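Chain identifiers are assigned alphabetically (A, B, ...) following the order of the sequence lines, protein sequences preceding nucleic acid strands; residue numbering begins at 1 within each chain. Model, not experiment: these values are computed from the prediction.
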Amino acid sequence: MTSKNYWLLKSEPGAYSFADLINEIDQTAEWDGVRSYSGRNTMRDDMKLGDRVLFYHSNSKPSAVVGIAVVVKEGYPDYTAWDPNSEHPDPKSTPEKPVWYMVDIKAESEFKKPVSLQEIKRTQGLEDMVLVKNSRLSVQPVSEKEWNIIVSIGIG
DNA sequence: GCCAACGTTGGC
DNA sequence: GCCAACGTTGGC
């Protein structure tokens, strides 16, 4: 029996927002540009087809979970790393020896009511979220309990 | 805009 | 392989 897992992905809405994802063809995008090892490992090893994702706007007013997406392609090399004209080139990574990985995600639904960081911090059951404890991880796991609480607030 | 937290780099 | 310095994230 395969159990689905839950994740949270951060993006600064000025760089890439949930609306941008919705506006993509098929509402699907490559989650390229992650250049941290823990994020790389999570995307390469742990995020599976059908896993669901909280889409979080960081550095925002207010910072908040704004919608849900689903993993539609499992970890594969982030080829933008060896494109010198990309946003996040990294000469350490080559097609022969890729360093960075990404997944594809598809927008599923937009929250009626964004769930702000403030609200997360004061909501019972969410005090152990990685988002609260380690504010710097841009790709992070979410427990089923945390998922259910946030989605029930967001769906309204 | 400030700056704390923390992941990463690089000197030794 | 330790750990200080550096750079970045992201809340406030």
With the threshold set at under 4.0 Å for non-hydrogen atoms, list the residues of residues 54-66 of chain A touching DNA chain C in residue-number order.
A/Tyr56, A/Ser58, A/Asn59, A/Ser63
What is the separation between atom CG on A/Leu131 and atom P on C/dT9, rounded to the nearest whole Å?
16 Å
Roughly, in whole Å, what's the span from CG in A/Leu117 to P in C/dG11?
6 Å
Return a single string for nucleotides 2-8 of chain C, one symbol per nucleotide in 5' to 3' order, where B is base contact, S is sugar-phosphate-only contact and - is none, cutoff 4.0 angstrom on heavy atoms.
-----BB
Phosphate contact (C/dT9 OP1 or OP2) by A/Lys10 side-chain N/O below 4.0 Å
no
Sequence neighbours excluded, which residues qualify as side-chain hydrogen bond (donor to acceptor under 3.5 Å, both in side chains) partners of A/Asp104?
A/Tyr76
Residues pairing under side-chain hydrogen bond (donor to acceptor under 3.5 Å, both in side chains) where one sits in residues 144-156 of chain A, two or more places apart or in two chains, turn out to be A/Ser143-A/Glu146
State which residues pass side-chain hydrogen bond (donor to acceptor under 3.5 Å, both in side chains) with A/Glu108; sequence neighbours excluded, sorted by chain then number.
A/Arg52
Please state how far atom NZ in A/Lys121 lies from atom P in C/dG11, giving the value in whole angstrom units.
8 Å
Hey, could you give me each pair passing ring-ring contact (aromatic ring centres under 6.0 Å, His included) that has a residue in residues 42-61 of chain A? Not counting sequence neighbours.
A/Phe18-A/Phe55, A/Trp31-A/Phe55, A/Phe55-A/His57
Using a side-chain heavy atom cutoff under 4.5 Å and only I, L, V, M, F, W and Y, what cluster partners does A/Val70 have?
A/Val72
Remaining members of A/Trp100's ILVMFWY cluster at a side-chain heavy-atom cut-off under 4.5 Å?
A/Tyr37, A/Val99
What residue pairs, at least two apart or across chains, pass side-chain hydrogen bond (donor to acceptor under 3.5 Å, both in side chains) with a residue in residues 10-21 of chain A?
A/Glu12-A/Asn59, A/Tyr16-A/Glu24, A/Ser17-A/Asp20
Spell out, yes or no, whether A/Met129 and A/Val139 are grouped together once hydrophobic residues are joined by side-chain heavy atoms under 4.5 Å, including indirect joins.
no
